[in-house]
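Worksheet for the structure shown next.
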Amino acid sequence: MAVETGYFTEKDSAEVVAGRISEDTDPRLRQIMTVLVKHMHAAVKELELTEEEWFEGIKFLTETGHKCDEWRQEFILLSDVLGVSMLVDAINNRKPSGASESTVLGPFHVADAPELEMGSDICLDQKGEPMLVEGRILDTRGNPVDGAKLDVWQANDEGFYDVQQKGIQPDFNLRGVFRTSADGTYWFKGVKPKYYPIPGDGPVGRMLAALGRHCYRPAHLHYIISAEGYKSLTTHIFDPDDPYIHSDAVFGVKESLMARFDWIEDPASMEARGMTTPFYHVIHDFVLVPA
Ligand code: BEZ
Ligand code: FE
């Protein structure tokens, strides 16, 4: 049975609405809705929202919904640019010191990327500046993790993922799944990533423009690293010299996720790494926590 606490008044609005929630409602749902109503009503009161402003908000949310389809999730994008995605990530992925930190998944992960031999080149169209990425997957005591699965993906040198350029980039361009052996090392080739705009042709892009915010993410590589007995890690590594490193549109940058991108062009160093052309050398280790 719903608990009615009286008629709706400006003063008691939140309590009256929350009071209608039935006592036998799932307790977590009841808590979530009570807190949401409390804060929404407080915001409307603090702002003294006009009817026009309220309707602008309704139109914005309607358009956000209409922009969503199988490939586009404008509500997640909204959550990303408001910092809500990173806050949920932070709360749910608190790590002991020394463990690798997580960051946003983003909308461009593809579940069935091919499993490749360690060292493979994930760039299928030979466009961009060559890059060799390597490192180790370790546990919190510094021991290598055997059999860790690395699912990696990146945008091309023009800032687009393969799924954004179907028919222009080969399917599964700049994606791959790798598995470590007993020494925990990983290495693969790709191309130096570049900063890119998050999808800006919808209501979220318009909102950013209205707020005087840009829609760029600094250059990064995506990783999902999983291994039996360890908590799965969804993260990126970033280029610290990127022009947008201090103003990521989705707040995904963390100090510990900066990698180094060293340009290698002397023939001996190239040969030592099995590279035939100058390349960016990126080295980054990841530390997993027990499940
Ligand atoms: C990405 O890095 O792929 C991404 C993350 C959040 C929003 C848009 C793109
Ligand atoms: Fe990305």
Side-chain angles (χ1 to χ4, degrees), residues 62-81 85 103-133 149-179 186-209 214-225 234-239 242-244 248-250 252 261 275-280 282:
T62 305
E63 265 184 74
T64 301
H66 286 162
K67 196 73 192 168
C68 294
D69 60 26
E70 193 193 345
W71 294 107
R72 180 78 174 256
Q73 230 305 348
E74 196 75 356
F75 277 111
I76 295 184
L77 206 58
L78 180 60
S79 157
D80 293 343
V81 302
S85 306
T103 190
V104 275
L105 171 66
F108 300 121
H109 177 247
V110 166
D112 55 351
E115 184 140 356
L116 304 172
E117 201 181 311
M118 198 61 90
S120 297
D121 192 347
I122 58 172
C123 178
L124 306 180
D125 61 5
Q126 284 78 49
K127 288 189 187 151
E129 293 173 292
M131 175 180 72
L132 173 66
V133 190
K149 179 181 162 196
L150 281 80
D151 190 340
V152 301
W153 68 104
Q154 65 161 107
N156 70 1
D157 68 323
E158 292 174 358
F160 293 105
Y161 290 89
D162 58 347
V163 291
Q164 294 175 288
Q165 289 194 314
K166 289 203 167 282
I168 298 173
Q169 291 187 46
D171 287 350
F172 301 115
N173 194 33
L174 296 167
R175 299 177 185 278
V177 174
F178 299 95
R179 216 171 270 276
Y186 76 89
W187 68 103
F188 64 90
K189 293 175 203 152
V191 291
K192 179 149 193 286
K194 200 182 162 195
Y195 57 82
Y196 65 81
I198 59 169
D201 60 341
V204 171
R206 277 208 328 275
M207 182 190 81
L208 290 180
H214 70 71
C215 55
Y216 286 92
R217 297 214 64 208
H220 57 272
L221 295 163
H222 289 260
Y223 289 79
I224 298 175
I225 305 173
T234 299
T235 195
H236 305 355
I237 54 175
F238 290 93
D239 175 1
D242 189 278
Y244 295 104
D248 183 0
V250 304
F261 288 70
M275 300 292 281
T276 54
T277 56
F279 65 101
Y280 280 97
V282 180

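- Counting heavy atoms from C-beta on, the side chains of His236 and Thr103 come closer than 4.5 Å.
- The line from CD of Gln169 to SG of Cys123 is 8.5 Å long, rounded to the nearest 0.5 Å.
- Separation of atoms CD1 (Ile76) and CG (Leu105) is listed at 8.0 Å; rounding is to 0.5 Å.
- Not a single donor-acceptor pair under 3.5 Å links the side chain of Gln154 to the backbone N or O of His220.
- Here the closest heavy-atom approach between residue Gly190 and residue Ile122 is recorded as CA-CG1, 4.0 Å.
- Interatomic distance, Leu221 CG to Met131 CE, rounded to the nearest 0.5 Å: 4.5 Å.
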Subject >> Stepwise side-chain contact (heavy atoms from CB on, under 4.5 Å) test for Val163 and Val110 >> reply: CA-CA 9 Å; Val163 291; Val110 166; 3.7 Å; yes
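- A donor-acceptor pair shorter than 3.5 Å cannot be found between the side chains of Arg175 and His222.
- Within the structure, salt bridge (charged side-chain N to carboxylate O under 4.0 Å, His left out) contacts touching residues 107-124 (residues at least two apart or in different chains) are Glu115-Arg179.
- Looking at Phe75 and Cys68, their side chains come closer than 4.5 Å, going by heavy atoms from C-beta outward.
- Judged purely by atom type and a 3.5 angstrom limit, Glu158 has no side-chain atom pairing as donor or acceptor with the backbone of Phe160.
- The ring pair (Phe, Tyr, Trp, His ring centres under 6.0 Å) search around Tyr195 returns Tyr216, Tyr244, not counting sequence neighbours.
- With sequence neighbours left out, His109 forms a ring pair (Phe, Tyr, Trp, His ring centres under 6.0 Å) with Trp153.
- For the pair Asp242 (side chain) and Ala219 (backbone), a donor-acceptor distance under 3.5 Å is present.
- For residues 67-76, every residue pair satisfying the salt bridge (charged side-chain N to carboxylate O under 4.0 Å, His left out) rule, not counting sequence neighbours, is listed here: Lys67-Asp201, Arg72-Glu74, Arg72-Asp201.
- Annotation: the span from Asn156 atom CG to Lys192 atom NZ amounts to 13.5 Å, rounded to 0.5 Å.
- The pair Arg217-Asp248 meets the salt-bridge criterion, since a charged nitrogen lies less than 4.0 angstrom from a carboxylate oxygen.
- Cation-pi geometry between Lys149 and Phe178 is not met: the NZ or CZ atom fails to fall both under 6.0 Å from the ring centre and inside 45° of the normal.
- Contact annotation: the side chain of Pro218 never approaches that of Tyr196 to less than 4.5 Å [non-hydrogen atoms, C-beta and beyond].
- The distance from atom CG of Leu124 to atom CG of Asp171, rounded to the nearest 0.5 Å, is 9.5 Å.
- For the atom pair Leu208 CG and Leu77 CG, the distance stands at 7.5 Å (nearest 0.5 Å).
- Side-chain contact between Val282 and Ile237 is present, with at least one heavy-atom pair separated by less than 4.5 Å.
- Contact between Ala249 and Cys215 at its shortest, heavy atoms only, is CB-C, 3.8 Å.
- For the pair Leu150/Val177, no side-chain contact is recorded, criterion being any heavy-atom separation below 4.5 Å from C-beta on.
- Side-chain atoms of Ser85 and Ser79 include a donor-acceptor pair closer than 3.5 Å.
- Here the side chain of Asp162 pairs a donor or acceptor atom with the backbone of Phe172 at under 3.5 angstrom.
- Looking at Asp157 and Lys127, their side chains come closer than 4.5 Å, going by heavy atoms from C-beta outward.
- Every residue two or more places apart in sequence or in another chain was checked for a side chain to side chain donor-acceptor pair (under 3.5 Å) with Gln164, and none qualifies.
- Annotation: side chain of Phe188 is not in contact with side chain of Met118 (no heavy-atom distance under 4.5 Å).
- For the pair Met207 and Val81, the minimum side-chain heavy-atom distance is below 4.5 Å.
- Taking Phe108 as the reference, Tyr161 meet the ring pair (Phe, Tyr, Trp, His ring centres under 6.0 Å) condition, with sequence neighbours excluded.
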